[in-house]
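Scroll down for the structure; my scribbles are underneath it.
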Amino acid sequence: MSLRFNLILFCLLLAVLACGCDRSRENSVAIRNEGSDTMVNIAQAWAEQYNQKHEDVSVQVLGGGSGVGIASLIDGNCDMANTSRKMKPDEMKIVREKRGDEPKEFIVGYDALAIYVHKRNPLESISMEELADLYGEEGKLTKWFELGVPVGTLGTDKIIRINRQSGSGTYFYFRKAVLGKGKDMKLGSIGANGSKDAVSLVSRTPAAIGYSGMGYATDDVKILKVSRRRGEPGVAPTVANARSGAYPITRPLRIYTIGEPAGPVKEYIDWILSPEGQEIVLQLGYVPMESNE
Amino acid sequence: MSNARTAVKTSNTRRPGVAWRVVLDRAEPLIEWIIRLCGWSAIFFVFAIFFFVFWEAVPALFGGVNLIEFFTSTRWQPSSEVRPEYGILALLVGTVSVTALAMAIAVPLGLGAAVFISEFCSGKLKEILKIVIELLAAIPSIVWGFVGYMVLGPIIIWATGAAVGVNLLNGGIILALMSVPIIVSVGEDALKAVPDSYREAALSLGASRWEIVYRVLFPAAKNGLLAAVLLGVGRAIGETMAVLMCTGHAVQIPHGLLDPICTLTATIASELGESVSGGMHYSVLFMIGLVLFLITFAVNLAADLVVKGVRNEQR
């Protein structure tokens with residue numbers, strides 16, 4: 001009995017070892033992809049999907065931040081850097097000096113954050129200044145009537161701020177985009193765990209306002225138009241407005257390589273830009289490059 | 001017993017049985033050791049976990065975090081670019097207030113149910129009640145979270161006109177419902193342990209049923225009932241998923257039942273994934289884990305000591 005058990009165990013161990021060996025032998029091509037934390041999910045999804053189709057290519061995805069990705073690209077520690085910002089001029093200079101080649105930029109999608117309110121809320125538009133006044137630490141905006149919503153329409157006049165959990169990529173991006181650099185959010189907002197949770201909380205709370213990817217909209221919430229300044233006409237977060245930059249809380253998502261990519265890396269980037277790769281962008285709540293509609 | 005039977009069989013016909021028995025005899029010390037190991041492993045794991053949590057908290061504990069600020073500041077701004085602040089007072093108050101509210105609901109409900117099951121009903125009803133209450137204990141906390149978030153939240157907004165449905169009241173009610181089964185089952189055991197002679201003596205003195213419960217059973221079973229309550233408290237403090245979903249997770253000192261709050265457990269659950277491994281925020285989250293560990297340890301120890309008191313009294 002115990003002998004048989006040992007035998008089984010031994011066989012299992014062999015099988016596991018064999019599998020391990022198989023993997024490393026088959027996946028002879030490894031693409032190293034590093035950078036932006038905002039893009040980690042999307043990069044991971046691309047990598048998984050791509051690996052299912054091309055078993056001989058494995059894409060290793062690392063986060064760390066846009067700057068980390070670019071530094072790693074310069075040092076040759078990764079093949080593709082994901083960034084949620086443009087490469088700085090001095091970074092480009094280092095690339096040219098160290099690698100003797102131009103950095104090549106690919107815009108692979110857009111990240112637009114929609115401002116959500118309850119469907120009963122009569123508000124149509126909000127400005128970036130008002131958002132900063134609402135979410136920022138020094139902000140004074142706390143009542144709906146200050147935004148022109150008649151008292152009594154939402155049950156209570158207090159604005160319930162729905163935030164993302166401290167430290168999430170969306171939290172950082174929203175804080176920087178709305179409040180500017182080096183500012184903190186006001187405490188006491190409700191922390192939603194995940195983009196979907198933020199929207200579903202708004203749908204259950206008439207007096208709430210929250211932000212999340214535009215892909216998460218449901219029938220129970222309303223997306224506000226956003227203007228840069230008070231009084232200006234608001235812009236709706238549509239795919240077109242996000243692409244043109246008219247919607248203020250948008251940024252392109254980029255991938256950088258050194259020089260013109262070739263071989264598997266080029267195939268991979270081409271696939272990311274193909275309808276199949278862009279479908280994943282849309283699924284994860286980001287704005288794809290080409291309209292899929 | 002089966003050994004004897006195999007021995008009889010093998011003596012006349014089957015040889016392999018003998019070998020089997022020899023193997024079993026040889027294996028006995030080994031099996032004993034395995035069982036012993038199982039027992040010791042529990043102790044090992046507790047210490048290993050404590051050590052792990054402590055180790056990860058060391059960078060924050062010794063340098064980096066001012067302990068006075070840690071316990072007295074209400075400013076929890078762990079991902080600030082300017083100056084990260086790690087004050088857990090609001091989180092502590094959140095945990096304590098939601099636990100207190102949960103107990104204010106669960107203790108009368110749980111002890112009442114325990115008295116009813118133990119003293120006032122019998123037969124089928126008693127069995128059904130016990131099974132249903134055990135079932136209540138088996139509901140996963142995430143399901144409780146859903147109930148609070150999707151059902152109770154809108155009800156609270158509708159009934160009280162609160163601005164937001166996920167708040168202290170919601171979390172307190174859900175936690176209360178989660179602790180009731182523990183309080184009922186431990187409390188019922190405590191009441192059952194009171195000898196019948198007590199009840200008979202009280203009856204013969206002309207006491208009513210209520211008087212028996214209030215004047216005789218409660219004093220006699222007080223340690224067991226206290227242990228039941230403390231175990232319920234432990235359950236409420238340690239609960240994570242349900243409170244994360246039901247309390248709103250807002251860092252502030254609540255001014256009323258309808259304010260959203262934030263607890264220690266929920267903070268760890270929601271922020272650990274995003275914090276940089278090995279960074280200060282990460283380490284401070286483990287420090288919160290350490291604080292929680294100490295609180296639940298104290299509550300469990302108190303419950304254990306009280307239960308021990310019960311046993312000694314009965315001897």
Side-chain angles (χ1 to χ4, degrees), chain A residues 1-3 37-38 40-41 63-65 68 118 120 137 142-144 152 154-172 174-176 179-194 197-198 200-210 220, chain B residues 20 23-24 26-27 30 74-85 87 90 145 149-154 156-158 160-167 241 244-245 247-255 258-262 266-267 269-277 279 281-282 285:
Chain A
M1 186 73 177
S2 87
L3 184 74
D37 276 322
T38 313
V40 147
N41 286 342
V68 174
H118 194 262
R120 254 170 57 198
E137 185 136 57
T142 55
K143 300 267 192 282
W144 277 113
L154 302 171
T156 168
D157 202 34
K158 196 177 161 199
I159 303 178
I160 303 293
R161 285 164 290 134
I162 313 274
N163 217 329
R164 286 293 306 280
Q165 79 267 31
S166 179
S168 90
T170 314
Y171 172 94
F172 280 126
F174 185 81
R175 188 175 71 184
K176 204 182 124 214
L179 304 183
K181 257 198 144 103
K183 292 277 170 55
D184 280 326
M185 297 252 207
K186 210 189 294 176
L187 288 169
S189 57
I190 294 189
N193 272 288
D197 193 30
S200 104
L201 259 174
V202 172
S203 74
R204 275 163 228 289
T205 314
I209 187 166
D220 299 323
Chain B
W20 178 229
V23 169
L24 254 188
R26 288 247 178 92
L30 184 76
T74 59
R75 292 185 51 79
W76 177 255
Q77 288 276 29
S79 39
S80 167
E81 273 181 344
V82 200
R83 192 175 98 85
E85 285 172 279
Y149 184 81
M150 313 254 245
V151 183
L152 198 53
I156 288 176
I157 292 186
W158 172 77
T160 65
V164 57
V166 283
N167 52 27
M241 237 19 248
L244 178 57
M245 295 175 78
T247 56
H249 201 63
V251 184
Q252 60 180 7
I253 303 265
H255 295 290
L258 300 176
D259 275 352
I261 54 154
C262 184
T267 304
S270 90
E271 290 175 13
L272 192 62
E274 302 278 6
S275 65
V276 183
S277 175
H281 184 192
Y282 178 85
L285 289 177

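Below, chain A is the first sequence line, B the second, and so on; all start at residue 1. Note that the structure is a prediction, hence the values are computed from the model and not measured.
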**Message:** Given heavy-atom pairs under 4.5 angstrom as the criterion, report whether the side chain, backbone, both or neither of A:D197 touches chain B.
**Reply:** both
**Exercise: identify the closest heavy-atom pair between A:G182 and B:V82** = O-CG2, 2.9 Å
**Per-residue contact mode, A:L201 against chain B (heavy atom under 4.5 angstrom)** = both
**Complete:** Distance col, row B:H249:NE2 vs A:I162:CD1, nearest 0.5 angstrom, shows 12.5 Å
**Request:** For each of B:G165, B:P78, B:G248, tally heavy-atom pairs with chain A at distances under 4.5 Å, and name the one with the top tally.
**Result:** B:G248
**chain A contact via B:M150 - which portion, at a heavy-atom distance below 4.5 Å** = both
**Complete:** B:S79 and A:Y171 have their tightest heavy-atom pair at OG-CE2, 3.5 Å
**Request:** Tell me, for A:T156 versus chain B, whether the close heavy atoms (under 4.5 Å) come from the side chain, the backbone, both or neither.
**Result:** side chain
**Fill in**
Whatever's closer than 4.5 Å to a heavy atom in chain B on A:I160 counts as side chain
**Request:** Locate the shortest heavy-atom distance separating A:G188 from B:A250; write the atom from each residue and the value.
**Result:** O-CB, 3.6 Å
**Item:** Interface moiety of A:R161 toward chain B, non-hydrogen atoms closer than 4.5 Å
**Value:** neither
**Which atoms of B:T74 approach chain A - backbone, side chain, both or neither, heavy atom under 4.5 Å** = backbone
**Complete:** When every non-hydrogen atom of A:T205 is compared with those of B:I157, the smallest separation belongs to CA-CD1, 4.3 Å
**Prompt:** About how many Å separate OG of B:S270 and CZ of A:R164, when rounded to the nearest 0.5 Å?
**Reply:** 10.0 Å
**Complete:** Whatever's closer than 4.5 Å to a heavy atom in chain A on B:I261 counts as neither
**Prompt:** So, for B:P260 and A:I190, which heavy atoms are closest and what is the spacing to 0.1 Å?
**Reply:** CG-CD1, 3.8 Å
**Message:** Heavy-atom pairs under 4.5 Å with chain A - which of B:Q252, B:M245, B:R75 has more of them than the others?
**Reply:** B:R75
**Request:** Under 4.5 Å, counting heavy-atom pairs only, tell me which of A:A207, A:S189, A:G155 racks up the most with chain B.
**Result:** A:S189
**Message:** Can a donor-acceptor pair be found, under 3.5 Å and without considering hydrogens, that links the side chain of B:Q77 to the backbone of A:L187?
**Reply:** no
